[in-house]
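The figures here come from the full heavy-atom set of this structure, side chains too, leaving out hydrogens, waters and symmetry mates. Letters A, B, ... mirror the listed sequences (proteins, then strands); counts begin at 1.
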Amino acid sequence: MTEKLNKEEKVEKLIELFSKHYPEPGTALNFSTPFELLIATILSAQTTDIQVNKVTEDLFEKYNTPGSMLQLSQKELENKINSIGLFRNKAKYILKTCKILLNDFEGEVPKTRKELMQLSGVGRKTANVVLANAFFKAAFPVDTHVFRVSARLGLSSGENVKRTEEELTDLIPKKYWIDFHHWLIDHGRAVCKAQNPDCENCFASGICSYYNN
DNA sequence: AACTCGGGGCA
DNA sequence: TGCCCAGAGTT
């Protein structure tokens, strides 16, 4: 039975299955510099990359550095991003982060998780997105869907976020990180839901630890 | 550990 | 129309 696949074989099989069923993995954040990715990722909490891209396309035209972003008052920034949720908090986080970048990091986005997490609105998941996608470091971003779905599939232990992050960082070929992240999210929302997962209609049930236990 | 922010997605 | 949330900060 396919259930006896080891984790590496499971990942291979999943990439095959995901590619087939989700041929277009969720839209990724648009960015052209580490700073833009940092801001876009802060904005992406509790919303979709598509919504973020709608906002940043215009925003980054003029405001793509900490210094230029700080030309905006909090109210002005709020008005530019108010089509996405939590916009007041996010405007506050972004302006505070820009000040910290100028004061403590010479206006550059830091390249370590510890430093990134000193910024406002930047937790472990956001820090990892920046580390992985702007600086090509080994740090798989783990959000709630990734945590739950990868644990159910048997790719991670499900102990905690930090452990899951280490497990997926080692397990998933880096080439597939962005796609795999979106696949797990898409699958987590559509099928492998937190409550009442739709296992009967899941194409991965044959190799899923949760389903086979 | 629980509460808060919020427009979008989805039933 | 109502419920839940593609996190992080605060209390």
Set of side-chain contact (heavy atoms from CB on, under 4.5 Å) partners for N79(A), sequence neighbours left out | N82(A)
Once you round it to whole Å, what is the distance between C1' of dG9(C) and NZ of K96(A)?
-> 9 Å
Of the residues in residues 110-130 of chain A, which ones touch DNA chain B at a heavy-atom distance under 4.0 Å?
-> none
side-chain hydrogen bond (donor to acceptor under 3.5 Å, both in side chains) against Q74(A), all qualifying residues, sequence neighbours excluded | E78(A)
Residues that K7(A) engages under side-chain contact (heavy atoms from CB on, under 4.5 Å), provided they are two or more places apart | L171(A)
Does the pair L77(A) and M69(A) meet the rule for a side-chain contact (heavy atoms from CB on, under 4.5 Å), with working shown?
-> CA-CA 8 Å; L77(A) 181 53; M69(A) 191 70 76; 4.3 Å; yes
Quick one: list whatever passes side-chain contact (heavy atoms from CB on, under 4.5 Å) with C192(A), sequence neighbours left out.
-> V149(A), R152(A), H187(A)
Check every nucleotide of DNA chain B for an atom under 4.0 Å from a heavy-atom of chain A, then give the first and the last such nucleotide from 5' to 3'.
-> dC5(B) to dG9(B)
Taking only heavy atoms on the protein side, list every residue of residues 31-60 of chain A lying under 4.0 Å from any atom of DNA chain B, sorted numerically.
-> Q46(A), Q51(A)
In this structure, are over 12 heavy atoms from other groups packed under 6.0 Å from K193(A) atom NZ?
-> yes
Could you note down all residue pairs passing side-chain hydrogen bond (donor to acceptor under 3.5 Å, both in side chains) where residues 39-62 of chain A supplies at least one of them, sequence neighbours left out?
-> N30(A)-N53(A), D49(A)-H182(A), Q51(A)-K54(A)
Above 12 or not: heavy atoms from other molecules or residues under 6.0 Å from OH of Y176(A)?
-> no
Check V52(A) against A40(A) and note the closest heavy-atom contact, atom names and distance.
-> CG1-O, 3.6 Å
side-chain hydrogen bond (donor to acceptor under 3.5 Å, both in side chains): which pairs involve residues 98-113 of chain A, sequence neighbours left out?
-> T112(A)-E115(A), R113(A)-N128(A), R113(A)-E165(A)
By side-chain hydrogen bond (donor to acceptor under 3.5 Å, both in side chains), which residues pair with T65(A), not counting sequence neighbours?
-> S68(A)
Between dG8(B) and dG9(C) - P atom distance, rounded Å | 24 Å
Taking only residues two or more places apart in sequence or in another chain, which ones pass side-chain hydrogen bond (donor to acceptor under 3.5 Å, both in side chains) with E8(A)?
-> none
With heavy atoms under 4.0 Å as the rule, sort D186(A) into base, sugar-phosphate or nothing.
-> base
Integer angstrom distance from the P of dG6(B) to that of dT1(C) = 23 Å
What parts of residues 84-94 of chain A reach DNA chain B, counting only heavy atoms under 4.0 Å away?
-> I84(A), G85(A), L86(A), F87(A), R88(A), N89(A)
Do we see a donor-acceptor contact under 3.5 Å between the side chains of H181(A) and D143(A)?
-> yes
